[in-house]
Structures are given as C-alpha cells and as structure tokens.
Number of protein chains: 2
Amino acid sequence: MTAPPLNTWQDVHAEVLDRISSRRWKPGELIPNEIDLATEFGCARTTVNRALRTIAEAGLLDRKRKAGTRVATNPVRKATLNIPIIRQEIEQMGQSYAYALISSEIGTPPVDVRARMGLAAKDKALHLIALHLANQRPYVCEDRWINMAGAPGVVDVDFTSISANEWLVANAPFTNGDLSFSALRADAKIAEHLGAKPNDALFILDRITWDRSTAITSVRMAFHPGYRMQTTI
Amino acid sequence: MTAPPLNTWQDVHAEVLDRISSRRWKPGELIPNEIDLATEFGCARTTVNRALRTIAEAGLLDRKRKAGTRVATNPVRKATLNIPIIRQEIEQMGQSYAYALISSEIGTPPVDVRARMGLAAKDKALHLIALHLANQRPYVCEDRWINMAGAPGVVDVDFTSISANEWLVANAPFTNGDLSFSALRADAKIAEHLGAKPNDALFILDRITWDRSTAITSVRMAFHPGYRMQTTI
DNA sequence: GAGTGGTCTAGACCACTGT
DNA sequence: CAGTGGTCTAGACCACTCC
C-alpha cells in the first residue's frame, strides 16, 4: 500500500502542511531531508524544495543548511497586507470616488518629518492636505510632504485635479518605503475634515517612500472612524 | 560591449527591478518573454522565471500566459507584517515580560463573536481577559473567547500561569486565520487595565483562528496608547 | 492554433554550518 | 569534514488564453 506519487509542488505543500497541523511532525522536530522526502513522495528534489521553501517563507518551518529543516516552535505568522490605492479601494466597494485638495503650500517640514526624510533645516518641501471621499463622505484625510528634490516637476502640478498619489506613481516611482500603523485621537482640525467627533479614534497609516536613498514623500493617512484593514494568515 | 552574464536569480531580480524603477520598462509595457531575457542575461529560463515570479508576487509585474508579462500600472504594494508573539516582541526589545490573568469564565459569547466563530447560541466558550506587561507596564490587553470544542482540554488549564496564546500554539494549532486592524477609543474598563486615559485611541488587532473549518479562538488585542506596528515595502 | 508562463525532472555544483 | 539546503542548467511537457 504505497501512497500515490505527489506530482506537483502544491501537492507536497499541502501534504507537509497537513503533517504539521496534524502534529505528525511536531514543533521543534527535525523532518526528513529533501532527498528522502522526494523519494517518499515520488517526485524530484526541486519539487520538494519549492514546497518547503514556500512554507518556510510563511514562517512554519525553520531551515538551515547542514542542520536540516525543523517545524517552527513559535510560528511568527506573516500576514500580507495589500496597501491599496485609495481610489481603487473605494471603487472596488462599488462607491463613487472623489478627491478634494484642502491646502497646498511650500514650507519647511516639522523636525520629525525632516528627520525621517533625511532633509536639512533649509530644505523646502511641498505640503499638501487633501481628502478622499467615498460616496461624498470623507474616507481618508492625507497630510503629505513632498521632497521637491525627489520629485522633479512637482511644483508645477495642479493638485486640485489629480491626487498626489496618482501623480507620484506615474511620475516619481519609488524603490522602497517604510510603513507604520497606529491609532490616534482625532484633533479638532482633522475631526472637522473627516466629519468625525473630536476624540474619535482614527486608524493611521504613515508611509515614507524613497528612490534609492532620497526621500520622495512622507504621508500620514488618517482613516475615517470605524475603518478596518483586513487580511488572512 | 556585451554585459557580463547575470548568474543568479537575485542578479536578474535586481536588474529587472532597476529597469522598472528607472522606467526603461514603463508601466503597462510588455516586457520580453522569459526565453529572450534568458538569452540576453546569459542564464537559464528557470532563473529568469524565479526572478520574475518573485517580482510578480510583490505586485510590480502582471503575468499572464500567452499575454506575457507587463509592468504593473497601479502597483498594489504588498506589505508583509510579522504578527509577533507578544512575549517575544517584548523580550526582543530587551524588556521584561510578565503576564496577568484578569478574569476567566465560561459563558456564551456575544452575538457578533458567535457569528464570526460560527457558534450556535447554546454553545459555550471560555472567556479570558488578560494583560501582557513590559517592564511591569501594561503593553496589551487581550479579550479572548476559546471554543471548547475546538481546543480539547482547555477547561483544565490554569491560565494564571501560562498565557492562552502559548498554551494554544502548543496544544491547538490552527490552519488559517482572519486578521483585522483598526482603532478604537478606550472605554473606562480597558483604560483602567491598560493604564490609559479614557478616550485614548488604541490600536486594535482582531484575530480568529481556525482548524480547517472549526473556530478555535477569537481574540481582540488592545495595545497601549502610542503603539506602532511597522514594516517595509 | 500558437505563444506564453507554470512546472517537473535529473543531475550538478556550491555555500553554509554543525560536529 | 561531511551533510544539508540553495541554486543553476537544459530540456521537456502542460495549461492557459489571446487571436
């Protein structure tokens, strides 16, 4: 009674996940090496490798050369969040999207923003405050600084007709970025923009994007009260 | 002046990312197929495939059989969040970890929790409220329901000495879960637990975990004011 | 129908690391 | 030193999907 061969890496993937969750392979335990598993499953080592590598990337296996592969004892689960473009997020919900510029001026960013962006005290940046609306209701308020050295041509753009994000993705692509999520109490100003009550708790997304080592933009997005960001693991 | 061959998939990965961010390959544009790229780079098609597949998984390329590979026009960036085990997160910051059980009782979950967990009105569950502390200061307060059918033996556990999470990872592994992040205003009770002021904005993580289709636990973690969750893209 | 990505295979060499 | 995972190669077949 030999098992039928597992022909695809997805088959192997599923089988290994099953052995982990059924505790046939227990946390901390060393599992057979790739060659033995390939023999057992009746497939090539490459196929086993692809499956195990994928599972390891998800955090459920720990792999080390020579030491072999172990079931993770404390699976630090990795969740993949889709950071949406606001317009798409709203339109995918079947709601109408609108955008409104609240203010636009050139100035010196506050010291914390300068520090994160790596700007000097004399550097100027474009400061935008804008609102994204879903079905005419405030959805998210963004407070953004754009490094004029990192986004050539930005001074000439009319941001009343195009959102900063859309202009930037088309004109100043970034190579990497830092994200952080937090919660903040609405102050009077932002509460007014969002149509929220003062003291409402707001979900906050802070993002800085870079082109190699020069900062392009730093933005704080304050979502309307009740907003949730969801994913699966 | 032919370029030197790119020998590893990381080389190809870097080169392709460079062509995208430098706009040599523009958004929406069709890029050469794998065979041509392999010829150009002087490597095997498998190597090109690995690199392009990785980039596509990150959202910067759209690949379709027969249609070919295009640079994504609206790169929906995917951020990978590490969902930490609280004890580890605290210990990695070099702080001391402590855990305190606030209450433990068997009861019927509120209707929204029942709905999300797929429990009937008559089903009983174990309700725990507990606090995780970093350097003796409240770090996160968890409000948890455990499905007794999904976690055999849970009634006999002494949760004053071990945290629910640690017992569950060791004894009732999950196959999948739903996560959501939001912000919530602290009510009087939770403010007291966390040593926060009422109305403080709290970062909230809701998680339900499943073993196949039976819910194991539903937990709401309310982090101390000022908490941030960070990642990069 | 034909072009493209998706994957499998068998074999090989390399890089890391525990002993 | 030796065992393990990490990767490359060349060739092959398949699955999807556009035309």
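Just so we're on the same page: letters track the sequence lines, and every chain starts at 1. Given the structure is predicted, the values throughout are model-derived calculations rather than measurements.
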How close or far is atom [atom2] of [N] from atom [atom1] of [X], stated in whole angstroms?
X	N	atom1	atom2	value
A:R70	D:dG5	CZ	P	11 Å
B:L30	C:dG3	CG	C1'	11 Å
A:W9	C:dG6	CH2	P	12 Å
A:I35	D:dG3	CD1	P	11 Å
B:L37	C:dG6	CG	P	13 Å
B:R45	C:dG6	CZ	C1'	8 Å
B:L52	C:dT4	CG	P	14 Å

Greater than 12 external heavy atoms within 6.0 Å of [X]'s [atom1]:
X	atom1	value
B:I35	CD1	no
B:R137	CZ	no
B:R19	CZ	yes

Would one find a side-chain N or O of [X] under 4.0 angstrom from OP1 or OP2 of [N]?
X	N	answer
B:T46	D:dA10	no
A:T47	C:dT7	no
B:N33	C:dT4	yes
A:Q10	C:dG6	no
B:N49	C:dG6	yes
A:R50	C:dT7	yes

For the residue pair [X] and [Y], categorise the inter-ring angle as parallel (less than 30°), tilted (30 to 60°) or perpendicular (more than 60°).
X	Y	answer
A:F159	A:W167	perpendicular
A:F203	A:Y227	tilted
A:F223	A:Y139	perpendicular

(message) Less than 4.0 angstrom from a charged side-chain N to a carboxylate O is my criterion; do B:R228 and A:D206 meet it?
(response) yes
(request) Could you tell me whether A:R63 and A:E34 have a side-chain N and a carboxylate O separated by less than 4.0 Å? (result)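 The answer is yes: the pair qualifies as a salt bridge.
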What's the separation between atom [atom1] in [X] and atom [atom2] in [Y], rounded to the nearest 0.5 Å?
X	Y	atom1	atom2	answer
B:I204	B:L202	CD1	CG	5.5 Å
A:Y99	A:L101	OH	CG	4.5 Å
A:H132	A:E89	NE2	CD	11.0 Å

(request) State, with a plain yes or no, whether a side-chain heavy atom of A:L179 is found less than 4.5 Å away from one of B:L81. (result) no
(message) At under 4.0 Å between heavy atoms, how does the protein contact nucleotides 14-19 of chain C? Give one character per nucleotide, 5' to 3', with B, S or -.
(response) -BBBB-
(request) Specify the residues of residues 11-21 of chain B, ordered by number, for which at least one heavy atom lies under 4.0 angstrom from an atom of DNA chain D. (result) none
(message) Below 4.0 angstrom, which residues in residues 53-63 of chain B have at least one non-hydrogen atom near DNA chain D?
(response) none
